[in-house]
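A short worksheet on the structure shown next.
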Amino acid sequence: MTLALLPEEERILAGEQGETRQMMMEILVALGKVFGAEHLIPIRSAQVSGASFKTIGEAGLEWLSGLDARVAVPTVLNPVGMDRKRWREMGIPEGFAGKQEEVIAAYSRLGVRLDCTCTPYYLYKTKFGEHLAWSESSAVAYANSVIGARTNREGGPGALAGAIIGKTPAYGLHLVERRRPDLVFAVEPSPEWNDTALYGALGYFTGKIAGNRIPFLTGIRPKRDQLKALGAAMAASGAVALYHVDGITPEARVFSYPTDELEKIPVTVSEVRLTAAEMQPDAVALGCPHCSPEELSGIARQLDGKRVRIPLYVFAARKVIEQNHGAVTLIERSGAKVYADTCMVVSPVMEQFGLVMVNSGKAFAYVPDMCGAAVRLGTTDECIKTATGT
Ligand code: F3S
């Protein structure tokens, strides 16, 4: 299979529109050749990871600073290493903050929107069937599975190249025939499937088994935030970029996938609950992926009239925080902190703790390596009870 470029694309590749666009087209062509794409397809939006100075470091900043172009489609930045307004309060060193702002300025010069969130679907409409170039793994799982849009799990440079050219190679999850399920998780039906954090544990458990295959789950009826938690965890413990839930996710409703011939793995509530360990945390972090308005309201209700006895961090997109001022005020009245632009994984703030409790299967997978802290998984209710000691 060969990658065929349009005359306009050939001209970009030849450098007629400048060095940066040429380099970006080279990235897309290289990806397309490696993965057997036959052509490039236009995308509706991009979401670019590699935004925290903690993850890209000096070399990444230097590369970004040398780019000279503008994005061709709406493009959102992933969380960075600090709340851009409250970084001092977070205990972020001045040197880190300065470098982080340089990274943000480099993205801003390219025309990238500085929402700094892994949940761009709360801010900008994304529709069924649209092609995207998103890179943050939970956002990719949500876009593909919950919205029915189409994106591969792009690396930071691949997403940025897609953003600047406005196209991406047509392979993998952009093709309908590559979106069929590979295995079935037959989940034990139970009324216990009403806590979002249990979906994080379910995602962590099933993602490890699924790897990069496309799972089809039966026996559960998750709501949107529960789907978000499920996909984020599956993407983190495995490399799941698309999953289907019988009768719930859009493609499972539109296409009746035949599953009789697929490997079938039973999953019980008790084995998912075992995923959560029994240790005493010294901080609690919620909001991975970033909290929805409903999640902020729920946390506010649960904290009403209580005080935290260990640090409790809540993370959400700045616009979501601004639009839900009442809930945020109630949360912070307890002594908890609600931070924008960043998260428990990409910010250095969590590195000071030995054991962090989270309600997210994704954070459960990443906090140990990225923050050097041990991690315990609990339900949202258990996390808040741990933080308040009540
Ligand atoms: Fe988002 Fe950070 Fe979790 S980027 S998905 S809150 S690890």
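What's counted below: heavy atoms across the whole structure, side chains too, no hydrogens, waters or symmetry copies. Read the numbers this way: they start at 1 and go in the same order the structure lists the ligands and their atoms.
Close approach of ligand 1 to Glu136 (heavy-atom distance below 4.0 Å) involves ligand atoms 5 (S). Near Lys362, the atoms of ligand 1 lying under 4.0 angstrom from a non-hydrogen atom of the residue are 5 (S), 7 (S). Near Pro79, meaning under 4.0 Å from one of its heavy atoms, ligand 1 places the atoms 4 (S).
In terms of protein heavy-atom proximity, atom 5 (S) of ligand 1 is closest to Ser138 OG, 3.3 Å. Atom 6 (S) of ligand 1 has as its closest protein heavy atom Cys343 CB, 3.3 Å. When hydrogens are left out, the protein atom nearest atom 3 (Fe) of ligand 1 is Cys288 SG, 2.3 Å; that is the closest non-hydrogen contact.
Heavy atoms of other residues, nucleotides or ligands lying less than 6.0 angstrom from CZ of Arg180 number 12 at most. The neighbour count for Arg21 CZ, taken as heavy atoms of other residues, nucleotides or ligands under 6.0 Å away, is above 12.
Under the 4.5 Å side-chain heavy-atom criterion for ILVMFWY residues, a single connected hydrophobic cluster contains both Leu28 and Val71.
Screening Glu251, His174, His244 against Arg179 for a side chain to side chain donor-acceptor pair (under 3.5 Å) leaves a single residue, Glu251.
Residue contact annotation: Ser49 has no non-hydrogen atom under 4.0 Å from ligand 1.
Distance check for Cys118 against atom 1 (Fe) of ligand 1: an N/O/S atom falls below 2.8 Å.
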